[in-house]
Number of protein chains: 2
Amino acid sequence: MPKQPLLPRKKPRQARAAVTVETILEAAARVLSDKSLDGFNTNRVAEVAGVSVGSIYQYFPNKAALVAALIGRAQDSLADAVERSLQRSQGQRLDRVLSGLIDVAIEHQFGNAVLAAALDHEEQRLPLGDMLSATQHRIAKAVQRAFEKHPELGNTTVTATTTIDCFTIAKALIESEATREKPDLAALRKRALRALQGYLLQPATKTLPRKRTRTDIQPSQDSP
Amino acid sequence: MPKQPLLPRKKPRQARAAVTVETILEAAARVLSDKSLDGFNTNRVAEVAGVSVGSIYQYFPNKAALVAALIGRAQDSLADAVERSLQRSQGQRLDRVLSGLIDVAIEHQFGNAVLAAALDHEEQRLPLGDMLSATQHRIAKAVQRAFEKHPELGNTTVTATTTIDCFTIAKALIESEATREKPDLAALRKRALRALQGYLLQPATKTLPRKRTRTDIQPSQDSP
DNA sequence: ACCTGAACACCGTTCAAGT
DNA sequence: ACCTGAACACCGTTCAAGT
């Protein structure tokens, strides 16, 4: 069971080394875009980058760390876009705010569809834990602030979970549309907006009396 | 670029061969549960099943087809559970119907968490196309019928897309909770119900006047 | 400090040989 | 018809040798 480290092995100390690292990451993004996850191998990345495979392993402990670095960059750029969008829609109606965020997420996903899909996929699989949460907290905090002070949500308490759920929901709808052969972005925007508005404006459910059934289980690791 | 076939190579003709196939699939599920996707390899599956690697390739064209078969079985069992749930909640309030479906989905995900997560993951990655849609249509149709005739949704038109969106949303929330270290199933139920009720009861958005921005793009395959 | 590329290990897949 | 397992190919990772 390989508990793989995902952090960069070391930082380049010389200028030409920094170029090497940058070249490697660009090549990795390129290969991932062109060939998707199958066909993404270190040999090809090295070839496209014009370096030896060994050079990759001087800065990244393994292939997963290479992908993790790309995910980190994508997250950063998403966080920037979210903050810009919230700034633009400041003081506007809730549907405007939400539409802005949805547009950002759609752009993020469809701007480079193959790459984004591959990164999303690996994001779930890799134990990114803390690496991810830094930037994601930044996003969550910004959105939560915007929600909290919004008049239309005055009566609803907006928790961190609520904010994260909004992201989860929007992301799922967008990714689902992305796998379609002919995505309809206009329709997608409406559906995502409806889902988010619905979730946010729906009063949190009063505890629903529920008969206990055999689905009242705690998570376990049974064999099939 | 390997356009991999995912359908079983052939059906076993003798009884002992059927046993072999069953044994292989059970071993595959076992390995996947124990070791997750890393560490899931054909050699180990063969070893656990007590057969030679060659035997696997007599019935499955490749490793992905093995996983695809497991996905198919999981989908079938989910479809059964959905239909049973809809039958139980027939004529009840909408929140009851939705809660029943949510419980089914939660049971499906948490009953064998590692296996379910691995299968979900591969479900997105593999080009399952038609293999999936058969069972998924069965589920979607059943749910859509239940929604369409439900009094509380009388004024809302329930399209196929609406139904699928509900699944997408519920699944995303459940999977997200499944990656947590200490999942809170009771809270998850409430959040999922709120999301589904919100989406279904929220009147479909009137076309929102939107300024055109540079995010009005069509999907493309640009380089980063 | 950085880079190279041959060498090794692991694993997916095949195929000649068996029953 | 079914099963075996050695052999091959591909790819992740390392390391001794270079600059």
Side-chain angles (χ1 to χ4, degrees), chain A residues 1-25 27-28 31-32 34-70 118 122 125-126, chain B residues 1-25 27-28 31-32 34-70 118 122 125-126:
Chain A
M1 246 171 301
K3 265 279 176 287
Q4 40 185 357
L6 294 174
L7 288 170
R9 195 185 284 272
K10 69 175 182 187
K11 279 205 140 72
R13 310 214 167 196
Q14 296 178 9
R16 63 165 177 161
V19 171
T20 301
V21 170
E22 192 54 36
T23 309
I24 289 170
L25 283 174
V31 172
L32 216 38
D34 290 352
K35 311 274 174 179
S36 188
L37 273 175
D38 309 332
F40 176 71
N41 63 57
T42 54
N43 290 310
R44 182 144 21 207
V45 171
E47 188 189 354
V48 171
V51 300
S52 153
V53 245
S55 292
I56 296 178
Y57 285 88
Q58 245 179 74
Y59 301 102
F60 303 94
N62 48 51
K63 192 171 87 154
L66 202 49
V67 179
L70 291 178
E122 291 298 276
R125 200 177 63 82
L126 301 176
Chain B
M1 251 172 300
K3 265 279 177 286
Q4 39 186 357
L6 293 175
L7 289 170
R9 194 186 284 273
K10 70 176 180 186
K11 279 203 143 70
R13 310 214 169 197
Q14 297 177 7
R16 62 165 177 159
V19 171
T20 301
V21 170
E22 192 54 36
T23 308
I24 289 170
L25 283 175
V31 172
L32 217 38
D34 290 353
K35 311 274 174 180
S36 186
L37 273 174
D38 310 332
F40 175 71
N41 64 56
T42 53
N43 290 310
R44 181 144 22 206
V45 171
E47 188 189 353
V48 170
V51 301
S52 152
V53 245
S55 291
I56 296 178
Y57 285 88
Q58 247 180 74
Y59 301 101
F60 303 95
N62 49 50
K63 192 170 88 153
L66 202 49
V67 178
L70 291 178
E122 291 298 277
R125 201 178 62 83
L126 302 175

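Every chain is numbered from 1, with letters handed out A, B, ... down the list of sequences. Worth saying up front: this structure is predicted, and the values here are computed from it rather than measured.
The nucleotide whose nearest atom lies closest to any side-chain atom of A/Thr20 is, among C/dC3, D/dA1, D/dG12, C/dC3. Looking at the side chain of B/Thr42, the nearest of the listed nucleotides C/dC2, D/dT14, C/dT13 is C/dT13. Among C/dG12, C/dT4, C/dT13, the nucleotide with an atom closest to any side-chain atom of B/Asn41 is C/dG12. Counting only heavy atoms from C-beta on, A/Lys63 has its side chain closest to D/dT13 among C/dG12, C/dC2, D/dT13. If you check D/dC3, D/dG12, C/dG5 against the side chain of A/Val53, the one that comes closest is C/dG5. Side-chain proximity of A/Tyr57 to D/dC2, C/dC3, D/dT14: nearest is D/dT14. Set against C/dG12, D/dG5, D/dC2, the side chain of B/Asn43 has C/dG12 as its closest nucleotide. When distances are taken from the side chain of B/Arg13 to each of D/dA1, C/dG12, C/dC2, the shortest belongs to D/dA1. Among D/dC2, C/dT4, C/dC2, the nucleotide with an atom closest to any side-chain atom of B/Ala17 is D/dC2. Checking C/dC3, D/dT4, D/dA1 against every side-chain atom of B/Gln14, the shortest atom distance belongs to D/dA1.
When heavy atoms are screened at a 4.0 angstrom cut-off, B/Phe40 is found touching the sugar-phosphate backbone but no base atom.
Side-chain contact between A/Phe60 and A/Leu25 is present, with at least one heavy-atom pair separated by less than 4.5 Å. The side-chain heavy atoms of B/Tyr59 and B/Lys11, taken from C-beta on, include no pair separated by under 4.5 Å.
Rounded to an integer number of Å, the gap from CG of A/Asp38 to C1' of D/dC10 is 14 Å. One can place CZ of B/Arg44 at 12 Å from P of C/dC10, the figure rounded to the nearest angstrom. Going from atom CD1 of B/Ile56 over to atom P of D/dT4 covers 10 Å, rounded to whole Å. A straight line from CG of B/Asn62 to P of D/dA9 spans 20 Å, rounded to a whole angstrom.
In this model, the phosphate group of D/dT4 is approached by a side-chain N or O of B/Ser55 to a distance below 4.0 Å at OP1 or OP2. In this model, the phosphate group of D/dC2 is approached by a side-chain N or O of B/Lys10 to a distance below 4.0 Å at OP1 or OP2.
Distance CZ/B/Arg9 to CD/B/Gln58: 9.0 Å, rounded to 0.5 Å.
In terms of modelled atom types and a separation under 3.5 Å, the side chain of B/Ser36 and the main chain of B/Leu32 share no donor-acceptor contact.
Position along DNA chain D of the nearest nucleotide to B/Arg16 versus A/Gly54 favours B/Arg16 as the more 5'-ward residue.
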Check: B/Arg44 and B/Glu47: salt bridge (charged side-chain N to carboxylate O under 4.0 Å, His left out), yes or no, with the steps?
Finding: CA-CA 5 Å; B/Arg44 181 144 22 206; B/Glu47 188 189 353; over 6 Å; no
